[in-house]
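Right, one structure below, let's go through it.
Scope of the values below: all heavy atoms of this structure, side chains included, with no hydrogens, waters or symmetry mates.
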Amino acid sequence: MPFPPIDEQLAIIRRGVEKIVPENELAAKLTKSRDTNTPLRVKYGIDPTGIDVHLGHTVPLRKIRQFQELGHQAVIIIGNYTALVGDPSGRDHARAKRLTADEVEANAQDYLAQVGKVIDLSKAEVHRNGDWFAKMSFADILHLCGKVTIAQLLTRDDFAKRMAAESPIFLHECLYPIMQAWDSVVIKSDIELGGTEQLYSFMLARDLQADAKISQQIGVMSPILVGLDGVRRMGKSLGNYIGISESPFDMMKKFMQVPDGVMRMYFELLTDIPLGEIDTLMAGHPKTAKTTLACAVIGQYHSAAEADAAANRWQQEVGEGALPTDIPTVKLSRSKLVENKAQAARLLVDTGLVSTTSEARRAIAQGGAYFGESKTRLETHDQLITVETGLLLFVGKKKFCRVELLD
RNA sequence: GGGGGAAUUCCAGAGCGGCCAAAUGGGCCAGACUGUAAAUCUGGUGGCACAGCCUUCGGAGGUUCGAAUCCUCCUUCCCCCA
């Protein structure tokens, strides 16, 4: 099967990519690959530290997928050995927690299952870098370290910053980029994918490859995907992410809350919609564009039909204020009632919609609490509400429940 | 080893003997507006039997009518000197 023309390949590869280093070697590599009908080996490494894969992770993963579709060879490196060190990238301090080998392997399996939703695992090579690092002797390690100078290491941004700030840099952390680079030598990568913060390791890999007299890899770096807040990078700890395992409706709700400003980036990095078409969409009504974006992404992890259904449901429940489809039922003991009635504030607490009486009082005082099918506003905290099974209660737009009375 | 700082309510950060449940900003919550975007405006953001009461300002004691604010010890973190 012949590879597509170089221009076509370049257009696909360059989409949504922030930096290619060195840029000028890419075309040459592709040309040689095509002429000799040899797929390029495209490396992507991760540390199995327990990852709930979200859209931010899918950016480089999707790039691998694109390489696969162009006929190239995906090579996934599970950093089961490097995980023992901890990636110093983007950290001001050394990582504290150390994982056990078992945890690492369980994480790796879990990770691969998720990754399979984006790339074609059946056609990918998967390696664990412990396969080669575990076999190295101390002499081997010394030999490897002999190829890298401290001065070189210190050119790395993270380390330079830490040096300046006089915060500790542990010796084993210095080894991290060396190990990552050595992976590239072992698997003979032609391309390595990752975020822009990986530049140093990517370049070190080139040095080591040159030293080993094999072809040097090219770094293809994706930008950092911003999260739902439109400012900070998408990440689990920041709570501003969309996980690829979430339900279509949950994803839809999150997408619709994304600031308009990030739409173009999302379109470019998370969908295959042609750039020209994106321009057209962006020129139209933002809400339409956002819905299209959401459906395009959701459709990758669920069916197109499910994505559409989620969009419709969103329009009805959120856009038009219809009652939510799935309202959780909360069991309430009849003993909480006096002659079938309960005080409004008490009721909100007893049903768990709010956690304290004070919170309930606030919600009511501010007009943020409602009851019944017609969403009647609760007026006072001591207002008596007649409670029966099926009664609906709301606090704000996101919290609601249906009461079920128990004897 | 010696010296000097700092620990405040989700975060940052005021407060330095009563007017402190504790300024201000951020975040978050609710309301208005809207495309549940952004921006903007309003209110709120310890608890409770809520016009009052109770528990908070690293921990333990102490001084005082009264302490987040003063003293002692402890814990943790930071900085400087050698």
Side-chain angles (χ1 to χ4, degrees), chain A residues 55 92-94 96 162-168 225-242 246 248-267 270 278 281-298 310-327 336 338 342-371 375-384 393-401:
Chain A
L55 294 182
D92 302 331
H93 301 288
R162 278 207 243 166
M163 274 299 264
E166 297 186 4
S167 35
L225 191 74
V226 297
L228 303 180
D229 54 20
V231 181
R232 297 171 299 179
R233 68 182 293 163
M234 183 174 283
K236 191 175 188 181
S237 56
L238 296 174
N240 62 352
Y241 70 102
I242 300 178
E246 293 187 43
F249 188 58
D250 284 340
M251 289 172 103
M252 180 60 67
K253 280 192 286 193
K254 289 187 178 180
F255 265 114
M256 296 309 279
Q257 285 187 68
V258 156
D260 289 356
V262 305
M263 277 204 282
R264 180 174 292 278
M265 184 190 210
Y266 278 24
F267 264 122
L270 302 176
I278 293 174
L281 279 163
M282 293 294 291
H285 194 293
K287 189 185 174 189
T288 312
K290 207 174 279 182
T291 310
T292 308
L293 167 68
C295 286
V297 177
I298 294 171
N312 288 333
R313 186 176 154 196
W314 184 88
Q315 180 53 33
Q316 284 171 11
E317 293 181 18
V318 181
E320 291 160 28
L323 289 177
T325 309
D326 39 38
I327 301 177
K336 298 279 189 185
V338 178
Q343 287 198 350
R346 288 245 70 84
L347 198 52
L348 297 183
V349 176
D350 290 338
T351 52
L353 287 183
V354 297
S355 46
T356 64
T357 316
S358 301
E359 201 180 332
R361 282 171 176 256
R362 264 179 245 134
I364 294 168
Q366 297 186 131
Y370 321 82
F371 73 104
K375 298 189 75 169
T376 309
R377 195 165 261 180
L378 289 167
E379 301 295 338
T380 62
H381 68 89
D382 53 2
Q383 176 179 359
L384 290 173
L393 293 169
F394 307 83
V395 173
K397 296 189 179 78
K398 292 164 194 156
K399 284 176 286 189
F400 42 78
C401 73

Residues passing the side chain to side chain contact (heavy atoms under 4.5 Å, CB included) test with A:Val354, sequence neighbours excluded, are A:Leu348, A:Val349, A:Glu359, A:Ala360, A:Val395

Rounded to whole Å, the CG-C1' distance (A:Asp229 to B:rC28) equals 13 Å

**Q.** B:rC10 and B:rC74, which share atom name C1', separated by this distance in whole Å
**A.** 28 Å

| query | Considering only heavy atoms from C-beta outward, does the side chain of A:Met263 approach that of A:Met282 to under 4.5 Å? | reply | yes

Atom CE of A:Met263 and atom P of B:rA38 are separated, to the nearest Å, by 12 Å

Taken in chain and number order and not counting sequence neighbours, the residues that satisfy side chain to side chain contact (heavy atoms under 4.5 Å, CB included) with A:Asp229 are A:Val231, A:Arg232, A:Asn240

| query | If the C1' atom of B:rA49 is compared with that of B:rG44, how far apart are they to the nearest Å? | reply | 23 Å

Output a table of donor-acceptor pairs, distance under 3.5 Å, between side-chain atoms of residues 283-295 of chain A and any protein atom two or more places apart or on a different chain; print 'none' if there are none.
residue: A:His285; atom: ND1; partner: A:Lys287; partner atom: N; Å: 2.9
residue: A:Lys287; atom: NZ; partner: A:Gln315; partner atom: OE1; Å: 2.8
residue: A:Lys290; atom: NZ; partner: A:Val258; partner atom: O; Å: 2.7
residue: A:Lys290; atom: NZ; partner: A:Asp260; partner atom: OD1; Å: 2.9
residue: A:Thr291; atom: OG1; partner: A:Lys287; partner atom: O; Å: 2.7
residue: A:Thr292; atom: OG1; partner: A:Thr288; partner atom: O; Å: 2.8

By salt bridge (charged side-chain N to carboxylate O under 4.0 Å, His left out), A:Arg233 pairs with (sequence neighbours left out) none

Heavy-atom contacts, protein to nucleotides 42-52 of chain B, under 4.0 Å, summarised as B (base), S (sugar-phosphate only) or - (none) per nt, yield -BSS-SBSB--

Please list, pair by pair, any protein nitrogen or oxygen found under 3.5 Å from a nitrogen or oxygen in nucleotides 25-27 of chain B.
none

5'-most contact on RNA chain B (nearest-nucleotide basis), A:Glu317 vs A:Gly396, goes to A:Gly396

* Sticking with atom C1', work out how far B:rC41 lies from B:rC54, rounded to a whole angstrom. => 36 Å

TODO: Describe the nucleic acid contact of A:Tyr370 in one word from base, sugar-phosphate, nothing, applying a heavy-atom distance below 4.0 Å.
DONE: sugar-phosphate

Q. Just wondering, more than 12 heavy atoms not from A:Lys336 lying within 6.0 Å of its NZ?
A. no

### Message
For the C1' atoms, the ones on B:rG59 and on B:rA7, what distance do you get once it is rounded to whole angstrom?
### Response
11 Å

Contacts of A:Arg362 meeting salt bridge (charged side-chain N to carboxylate O under 4.0 Å, His left out) (sequence neighbours excluded), chain-then-number -> none

Rounded to whole Å, the CE-C1' distance (A:Met265 to B:rA37) equals 17 Å

Residue set satisfying side chain to side chain contact (heavy atoms under 4.5 Å, CB included) with A:Tyr370, at least two apart, ordered chain then number -> A:Lys375, A:Arg377, A:Phe394

Review point. With a 4.0 Å cut-off on heavy atoms, is A:Pro259 in touch with a base, just the backbone sugar-phosphate, or nothing at all?
Key: sugar-phosphate

Sorted by chain and residue number, the salt bridge (charged side-chain N to carboxylate O under 4.0 Å, His left out) partners of A:Glu379 (sequence neighbours excluded) come out as none

Requested in this report: Determine the interatomic distance between P on B:rA22 and the same-named atom on B:rA38; round to the nearest Å.
Outcome: 31 Å

When rounded to whole Å, the CZ to C1' distance for the pair A:Arg377 and B:rA32 reads 10 Å

In whole angstroms, the gap separating C1' of B:rA37 from CZ of A:Arg264 amounts to 16 Å

Taking only the C1' atom of each, what is the distance from B:rU9 to B:rA21 in whole angstrom? 8 Å

Whole-Å distance, A:Lys397 NZ to B:rG31 C1', equals 8 Å

> What interatomic distance, in whole Å, is found between P of B:rU42 and the corresponding atom of B:rU24?
Replying inline: 14 Å

In whole angstroms, the gap separating P of B:rG31 from CD1 of A:Ile364 amounts to 13 Å

